[in-house]
Amino acid sequence: MEMNVTRRQFLKLSGAVAATLAIVELGFDDKSAKAKSGEFKIATLKPTPTICPYCSVGCGILVYANENDVVYTEGDPDHPINEGTLCSKGTTVRQVYTSEKRITKPMYRAPGSSKWEEVDWDFAFEKVVKNIKETRDKSFIHQEGGVTVNRTDAIAYLGGAALDNEECHLNHKLFRAGLGLSYIEHQARI
Amino acid sequence: MTNHWNDLQYADALMVIGANPAENHPISFRWISKAIEKGGKLISVDPRYTRTSQMANMYAQLRSGTDIAFIGGMINYALENNQYHNEYVANYTNASWIVEDSYSFEDGMFSGYDEKTRTYDKKKWAFKADAEGNTLKDPTLQHPNCVFQLMKKHYSRYDADTVCGVTGTDKKMYIEICKTFGATGQTGKAGTILYAMGGTQHTVGTQNIRAYAILQLILGNIGIAGGGVNALRGESNVQGSTDFGLLYHNVPGYMDVPTTAEGDLTYEGFLTRITPKAGYKINHPKFFTSMLKSFYGDNATKDNEFGYHYMPKIQAGKNYSFMRIFDAMYRKEIEGMILYGSNPVVGGPNSFKEQAAMGNLKWMVAIDLFETETSTFWQREAGADPASIQTEVIFLPACGSFEKEGTVTNSGRWMQYRWQAIKPKGESRADLEITHMLARRLQELYKNESSPAAKQMQALYWNYGEHDHPDIDLVSRDINGYDWKTKKQVKSFGDLKDDGSTTAGCWIYTGFYPENDNLSKRRDNKDTGMSNFLNWSFAWPANRRVLYNRASADLNGKAWSKERVGIEWDGLKGQWVGNDVPDFVKDKGPQDPTFADPFIMQVGGKGYLFSSGLNEGPFPEHYEPYENPMSNSFSSVQFNPAVQFGEKEMNAKGESDKYPIVATTYRLSEHWQSGVMTRNVPWLAELVNNMFIEISEELAKEKGIKEKDKVVVSTARGEIEAYAMITKRFKPYKLKDKTVHHIGMPWHFGYKGIATGATANRLTPHIGDANSTIPEYKAFLCDVRRA
Ligand code: SF4
């Protein structure tokens with residue numbers, strides 16, 4: 001199925017753009033923005049609908065991105081819950097991408113070391129699977145009191161509330177059904 | 001949520017207790033405002049006068065940890081003043097059921113308690129049955145041992161004076177609130193309760209929520225538009241991650257995990273244990289078998305009990321929950337930890353101790369967008385000595401939500417698709433890809449081994465493409481489930497089988513991908529009636545928007561109110577019709593003896609006012625928090641008798657002589673959870689860039705503290721330093737025989753990111769609820785002084 005933001009909706013959006021920004025007073029000049037809207041950088045970009053990654057209201061957001069950058073984001077006017085509006089967090093979602101603090105390479109900290117080293121994915125994956133396998137093989141309980149239990153209590157898994165459902169499904173499948181972890185927990189518990 | 005965000009507009013009264021939607025779920029407030037515009041009354045119950053309180057018609061100050069007293073008093077008021085919905089209570093709840101004589105309640109204790117194990121024998125709270133096993137009932141609700149009378153008796157002790165002496169609420173306001181919310185008990189009226197972690201993060205958290213549910217049941221507020229018990233969830237997909245079994249005690253779709261208990265020795269025995277004799281859950285064998293088929297594919301056959309023994313069996317009776325992980329880590333029982341977007345050094349209780357326990361790990365894998373306090377627990381900034389920490393740490397950079405595609409499920413159970421807008425930043429990857437790559441590599445490593453550990457991994461059916469980039473469409477289809485032979489998608493969970501012929505990764509979602517359309521991608525925003533938007537995304541289960549909606553209609557199947565039509569029985573068509581997908585058998589008509597049993601998941605089809613499901617008793621009873629400033633006014637039992645204690649070293653306790661001030665934590669609009677995704681975002685970091693402690697004018701005066709002074713807050717766990725913020729939003733609490741101060745603080749801060757500050761959870765106790773083991777973050781004792 002195609003996601004469809006129609007041309008009509010798209011035009012409706014350009015008007016809503018200035019209002020959203022003005023509300024949070026982020027130094028956007030409402031009037032000149034409207035005047036120049038025909039030349040907006042986003043005019044040539046197709047919006048991609050997404051859902052806010054913060055709270056569970058589940059507001060719709062439109063993302064305007066080109067190959068290398070997120071140019072602009074705004075509330076999705078077609079979304080029945082937020083109808084184009086966003087709170088402070090949803091409004092700034094573009095910076096989750098642009099923030100200079102983003103980690104873009106795997107990092108490794110050796111035992112006892114006081115610093116990170118940038119490493120490549122192969123190195124990182126090799127370390128991870130080696131650790132998982134070693135600990136698991138050593139601690140794996142096949143039977144306990146005559147019962148087949150196939151589990152390990154020596155590895156803990158935490159996380160999920162910020163993941164997609166598909167990711168939760170695969171994580172559960174790998175870590176419980178495949179690796180036999182007993183300690184599987186996430187934010188819902190805390 | 002039993003209901004959903006847009007539905008809030010239909011409420012005549014909205015009670016927000018233990019939540020603050022104006023600040024923490026800001027956009028939801030549009031629908032609350034709409035209800036107010038239409039004359040709805042907003043009631044805010046909170047220890048602090050929040051921005052939600054500011055928008056409310058009524059505000060009740062409530063000492064942290066006293067919800068059951070507050071709600072118990074409301075139940076009492078509604079029963080005493082005949083505000084309850086008589087017809088609903090008599091027919092849709094188990095009010096008429098008769099309880100065994102072995103049930104009793106005396107001075108804070110229910111019958112059947114074993115002091116040694118701190119557990120109850122719940123059989124003592126059973127319903128009375130005749131020789132055939134049918135529950136005995138008294139439809140007149142007069143029998144002294146019927147649920148209604150027992151409930152009435154139990155809550156008769158919760159009179160307004162006693163309640164307000166415990167909660168610190170102004171009595172006049174309290175009565176006003178009882179009257180206003182109780183008025184939704186009238187036929188045709190609707191009241192909703194909204195709660196969040198202010199309700200759950202207590203040693204009596206689960207019973208708090210049950211108290212809300214009991215109140216809603218007696219007022220006839222469940223199943224109807226503008227009603228319900230609605231959890232405002234904190235994270236974009238905490239609903240989904242819970243649905244998908246990422247907790248030690250559940251597999252996807254809220255089914256139990258196999259244990260070492262004797263009955264679980266065989267798959268058949270296990271199924272017998274997890275399958276009740278009546279109610280919709282009698283289908284558990286179909287759901288579980290289909291799930292095993294999704295996990296193990298061809299390696300799940302009838303001969304090997306559908307791969308049941310590949311599933312890990314946890315030790316029966318052992319608690320493997322969040323705090324117990326850190327207890328075990330402290331005891332050096334855990335070697336490795338894998339974190340997917342998780343930051344316990346800021347988010348965990350007594351977090352300094354949890355951080356220290358991490359030093360016992362051999363290795364840690366942290367998957368996140370930004371450096372977290374947890375992934376850097378070994379650094380000097382964390383107060384650690386790196387040289388002495390031998391943990392190997394691997395940080396894998398994850399990409400953000402619109403740099404990948406997939407779905408999240410909001411509080412209203414809407415499963416909404418997020419499309420990819422841009423490729424992952426730098427070398428970061430989607431978590432889905434990371435897990436997929438890990439699985440592929442691990443299967444490769446185990447390929448030629450024959451140990452039991454290897455066999456489990458080999459049995460795993462991992463069919464998401466032969467490339468390191470997984471095909472997400474295959475994952476979606478796997479969640480929904482399909483016919484194993486034809487590979488055709490299953491249309492609804494009603495079609496799942498227990499013979500291995502169908503799969504379903506998570507049965508409650510089955511139906512979102514019925515043929516070739518993934519319905520979570522739907523964007524038709526036409527209001528299909530009662531703002532249910534049935535063609536926008538997909539809501540589990542079965543695209544149903546309001547749970548238990550059979551209860552929106554009366555005994556004859558007519559809507560209680562024309563303004564709030566959920567579903568209605570259409571005699572001509574011979575089926576249920578209306579604005580929602582029926583939460584009922586579609587063609588079950590008045591001639592069926594179970595026509596008036598709306599709660600189809602429950603044995604007996606009724607809403608349970610009395611239930612033996614929870615560990616500390618069939619009715620919620622007030623006990624004081626672990627750390628508390630006063631003795632219990634309702635009984636001589638001070639603390640929840642069913643709470644289990646963890647590792648002693650992790651759980652220091654403070655007493656009120658040394659720590660006289662009540663403290664709680666809360667969230668801010670500008671930050672989110674442990675702050676990783678907001679303190680690293682420049683604009684948000686700028687909007688709120690410092691940690692602060694919110695204290696009342698009275699306390700400030702007493703302690704000689706001025707605005708923006710640095711203050712130290714201390715508890716039995718430790719101390720933190722932050723700026724003082726003096727407000728009128730906290731007031732001293734006038735309790736039965738003393739006045740206590742109450743403070744609050746946000747818990748978002750840590751030492752990483754653009755905005756940094758002290759971590760509130762260094763102060764919170766390492767003790768949890770008797771059922772869920774959620775930590776008691778929301779009520780503890782402290783002292784405050786100028787730095
Ligand atoms: S925009 Fe605000 S209210 Fe909406 S989902 Fe995001 S955080 Fe929640």
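Since the model is a prediction, treat every value here as computed from it, not as a measurement. Each chain gets a letter, A, B and so on, in the order its sequence line appears, and its residues count up from 1.
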[X] versus chain B, the contacting section by heavy-atom distance below 4.5 Å:
{"X": "A:Glu134", "answer": "side chain"}
{"X": "A:Thr98", "answer": "backbone"}
{"X": "A:Tyr108", "answer": "both"}
{"X": "A:Cys52", "answer": "backbone"}
{"X": "A:Asn68", "answer": "both"}
{"X": "A:Thr148", "answer": "both"}
{"X": "A:Phe175", "answer": "side chain"}
{"X": "A:Glu166", "answer": "both"}

Subject >> Matching residue for A:His172 among B:Tyr248, B:Phe295, B:Phe244 - test: ring pair (Phe, Tyr, Trp, His ring centres under 6.0 Å) >> reply: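 Option passing the ring pair (Phe, Tyr, Trp, His ring centres under 6.0 Å) with A:His172: B:Phe295.
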
Original post:
With a 4.5 angstrom heavy-atom cut-off, which part of B:Ser388 approaches chain A: side chain, backbone, both or neither?
Top reply: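 Contact with chain A: none, neither part.
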
Subject >> Whether A:Asn150 side chain and B:Gln456 backbone form a donor-acceptor pair below 3.5 Å >> reply: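 Here the side-chain-to-backbone pair does not exist.
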
Subject >> Interatomic distance, A:Thr85 atom OG1 to A:Glu74 atom CD [nearest 0.5 angstrom] >> reply: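 One gets 12.0 Å once the value is rounded to the nearest 0.5 Å.
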
Subject >> Pair A:Asp164, B:Thr407: side-chain N/O donor-acceptor within cut-off below 3.5 Å >> reply: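 The answer is no; no qualifying pair exists.
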
